[in-house]
Amino acid sequence: MQKYSLAIFAGAGLAVASVSIILNMRPAVAQTKTDRVADFTVRIEDVSNGHTLHTSRGDKVVGLSPGFWVLHTGNNPIYSVGARASTGLQRLAEDGNPEGLYSDLQENPAVKATGAYNVSMTPYPVAGFIGPKQAYEFIVSDASPGDRLSFATMFIDSNDWFYSNNGTGIDLFSADGTPFSGDVTARVGLFDGGTEANEEPGVGPNQAPRQPRPRTGQATDEAVYAIVAPAVGASVKGNGDHTWGAPPVADVIKVTITPRAR
């Protein structure tokens, strides 16, 4: 078994698309359920509008940052509720930079492939943050039954909030080995990274759209917690931010998975 890593820099240094792939070198044999492989297109869409986020300065949209995805077995390796965020997750949750998560996860034996996404596919390709009616898309290749998908993207108008799926990961195949197809938004939650003091969402001066440089807010040393827990597959309930509320997850983000023809 061989493991290869590839890093591709895209768009004015806004993100790094990184791939770590495990290739199994073996002769052709009759295909069984465990030998099946499939490719998937994953679409992450910003569905917010001008009234989604209520602030003391009026309503506004919610932007989403470039993000990171992982093909893995076992639980979601990006975060664990009740544990401290990794350095890579901190960079994503505070500044919308997914690059550090590659370094965090490349030696994890449960990780089969990783990648970053930073190019909006609608209405035309452009690198950077996305807003309403824009979407990121990426391709997950050579997934097998038992593999799961996890991802993370920043809630832009926050100090360290991020969207990710539930703690177990999203199953890409049914029990009989059929590739999954459909909307998985109900498996997505909003989390606090615990690394920076919260300011009013959409207003705080140390949030990504307004801060003069990365990591300018007041540092904290708290565990990751769920602000809005995933509706499906959550191991914990959201306990909410202690001061500021957040919009329903489905009012901001929509995530769909579609098998690709091989």
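Computed from a prediction, not measured in an experiment: that's the story for all the values here.
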May I ask you to decide if N206's main-chain N or O and E199's side chain share a donor-acceptor pair within less than 3.5 Å? yes

Do any N or O atoms from the side chain of D160 and from the backbone of G194 form a donor-acceptor pair under 3.5 angstrom? yes

Would you find a donor on one side and an acceptor on the other, under 3.5 Å apart, between the side chain of R260 and the backbone of A38? no

If we count only N and O atoms by modelled type, under 3.5 Å, do the side chains of R43 and T256 hold a donor and an acceptor together? no

A side-chain contact here means heavy atoms from C-beta on lying under 4.5 Å apart; do V62 and I156 qualify? no

For G202, does its backbone N or O pair with a side-chain atom of Q207 as donor and acceptor, under 3.5 Å? yes

Between V61 and T52, is any pair of side-chain heavy atoms under 4.5 Å apart? no

Is it true that a side-chain atom of S181 and a backbone atom of T258 form a donor plus acceptor pair closer than 3.5 Å? no

Side-chain touch T153/F162, heavy atoms, less than 4.5 angstrom: no

Single-linkage hydrophobic cluster, 4.5 Å side-chain cutoff, V47 and V188 together: no

E200 side chain vs S56 backbone, donor-acceptor pair below 3.5 Å: yes

Would you say the side-chain atoms of D171 pair up with the backbone N or O of F173, donor to acceptor, closer than 3.5 Å? no

Between D46 and Q134, do the side chains contain a donor N or O and an acceptor N or O under 3.5 Å apart? no

Establish, yes or no, whether a centroid distance under 6.0 Å links the rings of F191 and W161. no

Give me the one residue out of T114, D104, L89 that meets side chain to side chain contact (heavy atoms under 4.5 Å, CB included) with F68. T114

For the side chain of R148 and the backbone of T168, is there at least one donor-acceptor N/O pair under 3.5 Å apart? yes

D157 and R210 ion-paired at < 4.0 Å: yes

Any side-chain donor paired with an acceptor under 3.5 Å for N198 and D192? yes

Hey, is the main chain of V255 close enough, under 3.5 Å, to the side chain of T185 for a donor-acceptor pair? yes

Backbone N/O of G74 and side chain of H72: donor-acceptor pair under 3.5 Å: yes

So, E94 versus T195: side-chain donor-acceptor pair below 3.5 Å or not? yes

Do S150 and N165 pair up side chain to side chain, a donor and an acceptor below 3.5 Å, judged on atom types alone? yes

Has R262 got more than 12 heavy atoms of other residues, nucleotides or ligands less than 6.0 Å from its CZ? yes

Would you find more than 12 non-hydrogen atoms of other residues, nucleotides or ligands less than 6.0 Å from K60 atom NZ? yes

What I'd like to find out is whether the side chain of Y136 reaches to under 4.5 Å of the side chain of P66, using heavy atoms alone. yes

Any carboxylate oxygen within less than 4.0 angstrom of a Lys/Arg side-chain nitrogen, looking at K112 and D147? yes

